[in-house]
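Down below is the structure, laid out as structure tokens.
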Protein chains: 2
Amino acid sequence: MRVTIADVARAAGVSKSTVSRVLNAKDEVDAGTAERVRAVIARLGYVPSSRAVELARGRGRTVGVLASSLSWPWTAEVVQGALDTVEAAGYGLLLFTRNHGPRSMARFAGQISAAAFDGLLVVGPQDALDPVAAALRPDLPVVLVDDRTDRPRFPSVTVANTLGGELAARHLLALGRRTPLVVTGPPHFGSVRGRLAGFLGALEAHGVEHDPRRTVEGDFTERSGEEAVEKLLADGITPDAVFAHNDLCAAGALRALRTAGLRVPGDVAVVGFDDIPLAAYTDPPLTTVRQPLRAMGEAAAALLLARVNGGPPPAGPVVLPAELVVRGSAPVPLTRTP
Amino acid sequence: MRVTIADVARAAGVSKSTVSRVLNAKDEVDAGTAERVRAVIARLGYVPSSRAVELARGRGRTVGVLASSLSWPWTAEVVQGALDTVEAAGYGLLLFTRNHGPRSMARFAGQISAAAFDGLLVVGPQDALDPVAAALRPDLPVVLVDDRTDRPRFPSVTVANTLGGELAARHLLALGRRTPLVVTGPPHFGSVRGRLAGFLGALEAHGVEHDPRRTVEGDFTERSGEEAVEKLLADGITPDAVFAHNDLCAAGALRALRTAGLRVPGDVAVVGFDDIPLAAYTDPPLTTVRQPLRAMGEAAAALLLARVNGGPPPAGPVVLPAELVVRGSAPVPLTRTP
DNA sequence: CTGAAAGCGCTTACAG
DNA sequence: CTGAAAGCGCTTACAG
């Protein structure tokens with residue numbers, strides 16, 4: 001049925017060893033023989049069985065990707081970037097998500113133990129690995145994208161969160177805003193702490209004092225953005241700006257502000273984080289700190305492949321630049337002649 | 001290094017055959033023996049090597065998914081649905097995208113021939129398979145999601161496009177609109193023809209004549225939605241509604257209408273198709289025909305798994321219901337007392 | 001109910 | 001430069 005290496009060997013009048021050598025481009029094969037074998041391979045349309053090759057070699061050409069739901073555009077974009085790099089290297093990408101509870105994680109752990117892949121990319125917080133910690137072989141290369149913990153146990157790729165916070169603050173300061181509301185993500189995320197530190201640091205550098213009541217903890221959901229605004233207003237504080245730690249949350253803030261009768265950006269300027277597609281569609285469109293998601297996925301995959309092939313771990317996290325994308329919710333400041 | 005079936009056999013004092021039987025839950029094993037073997041397996045933390053199992057069985061537990069870019073939310077959502085089902089069945093999902101030209105497709109063809117997966121899900125048009133047609137073994141089960149061709153060569157899962165077109169038309173008619181602009185997708189897509197036929201059919205059923213100049217061909221991009229509106233206005237025709245064949249295109253139409261100084265929905269009501277996340281964020285939010293993307297991915301994966309396991313092909317395409325989601329761009333009509 | 005042997009389709013020392 | 005043999009880690013008839 002299937003054409004095997006034995007068929008090729010027979011048809012070419014050589015041994016399986018020789019066919020294998022031709023296949024793997026070993027240089028010790030006679031040019032004429034190699035040519036003949038290649039012709040037979042082409043004629044028979046022979047393709048090696050990946051499973052047999054991997055079993056024999058004891059190593060495969062597959063990387064696993066563990067991600068939160070692809071419904072999150074953030075995730076999908078990073079995975080796409082990783083896939084580009086993985087495919088270009090001739091590797092396969094086995095995809096797993098972790099939104100299906102313990103049964104799903106048990107199966108995933110099984111795949112790890114079964115050596116179904118040769119390296120693992122985790123898109124999201126590293127504690128996603130906790131349920132499968134026992135299965136994690138120490139020799140399995142792991143790379144994290146957007147580690148959200150302080151001291152990641154693995155090499156990681158992340159955006160410059162502190163810089164991102166700074167960019168947001170400086171832009172709002174240039175717009176003359178002095179009393180911003182900051183809606184953070186969960187505070188145990190390293191990225192959240194970075195964004196907050198960068199933002200507050202820039203305020204301080206400008207001599208602007210920040211009332212701690214204007215820092216409200218959110219959870220990256222749209223609803224949490226709404227609630228943060230509602231709560232602050234209920235406390236009798238009206239901010240002149242909002243810096244939300246992601247775009248979804250910023251969209252929620254936008255909604256709550258409008259409901260409260262406040263104009264954006266007139267009364268309140270709003271800056272988000274991520275630049276997911278819908279950021280360009282909110283009303284008004286969202287000024288936001290852009291994460292180079294695709295590039296982050298690519299960089300992480302490249303790092304992982306290097307490790308899979310025996311490369312050394314990088315010295316520290318790979319940090320990609322953040323960039324401010326200016327749209328209507330916090331527009332370009334009017335130039336003032338000093 | 002790795003714990004193998006031989007290690008388990010030795011430790012349990014049985015043969016590899018017996019261990020294998022226990023592993024595969026064959027009933028011919030003595031209960032006591034089975035128990036003992038299981039204990040050893042647990043103690044040693046043994047997990048079968050997927051590669052070896054698959055090689056020996058001549059069949060694996062992996063399905064391939066060929067999709068356009070995950071950057072398209074449409075795609076990501078369908079893939080997520082498929083992944084849910086695939087994971088639940090204990091299969092792995094090998095992901096491929098087709099935005100990398102011939103080299104990428106050549107590698108993909110190689111994976112097909114190498115039997116790297118046991119079934120293939122194509123998310124998107126079936127002509128995505130043309131470049132790898134030669135590699136497609138006739139015994140490889142293939143399922144299509146959202147076939148966009150008339151007579152798909154494979155089982156497929158699709159939304160009720162004609163119904164969707166009808167829903168859009170009936171809603172606009174209820175709003176009193178009589179001169180809609182239709183911005184289609186590429187006309188060789190079956191889905192496009194379905195949406196158009198449903199829409200025009202409903203108009204006709206209501207005795208509303210449709211000027212063919214008000215049907216403009218787009219290509220599913222935002223820009224094409226803008227252009228369609230611009231072109232029509234330039235021709236001196238002002239529609240009282242727009243039905244765009246996808247949400248991106250509808251967002252473009254929204255933009256062009258606003259630029260032209262037309263109010264939505266006051267002057268022009270707008271209906272899209274898909275209900276991707278940003279549909280809820282446009283200004284005004286988009287009324288649209290919802291595709292059950294997740295469910296489509298799930299259904300397609302279930303179909304594929306059934307086929308992989310020897311099930312018969314379905315009689316015809318699996319058609320999932322479309323649903324109208326009403327938002328600001330084409331709101332609920334005022335009730336009139338007749 | 002259980003084991004020995006062959007086989008899945010490759011790769012890789014080891015000889016020559 | 002090339003081949004025979006062993007091995008990768010399983011499954012599956014075939015005997016018993």
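Chain A is the first sequence line, chain B the second, and so forth, proteins listed ahead of strands; every chain is numbered from 1. For clarity, every value in this text was computed on a predicted model and none was experimentally measured.
Ring-plane geometry between A:Phe220 and A:Phe189 is classed as tilted, the angle between the planes lying from 30 to 60 degrees on a 0 to 90 degree scale.
At whole-Å resolution of the value, CD in A:Glu54 and C1' in C:dT12 are 17 Å apart. Put simply, CD1 on A:Ile41 is 10 Å from P on C:dC10, counting in whole angstrom units.
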**OP:** Given salt bridge (charged side-chain N to carboxylate O under 4.0 Å, His left out), test A:Asp7 with A:Arg2 step by step and report yes or no.
**Re:** CA-CA 9 Å; A:Asp7 300 323; A:Arg2 152 181 265 277; over 6 Å; no
**OP:** Apply side chain to side chain donor-acceptor pair (under 3.5 Å) to the pair B:Ser113 and B:Arg137, showing each step before the final yes or no.
**Re:** CA-CA 7 Å; B:Ser113 313; B:Arg137 292 166 291 129; over 6 Å; no
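Side-chain atoms of A:Glu298 and A:Thr85 form no donor-acceptor pair, as typed in the model, at a separation below 3.5 Å. Side-chain contact, B:Gln80 with A:Ser71: no donor N or O sits under 3.5 Å from an acceptor N or O. When only modelled atom types and interatomic distance are considered, A:Ser69 and A:Thr97 share no side-chain donor-acceptor pair under 3.5 Å.
Base pairing of D:dA13 is not made with any nucleotide, judged by Watson-Crick or G-U wobble geometry with both donor-acceptor distances under 3.5 Å. Across the strands present, C:dA4 finds no partner; the criterion is a Watson-Crick or G-U wobble pair with both atom distances under 3.5 angstrom.
Close to C:dC10, at under 4.0 Å from its OP1 or OP2, lies no side-chain N or O of A:Ser20.
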**OP:** For each nucleotide in nucleotides 2-9 of chain C, reading 5' to 3', give B when a protein heavy atom comes within less than 4.0 Å of its base, S when such contact involves only the sugar-phosphate, and - otherwise.
**Re:** BBBB-BBB
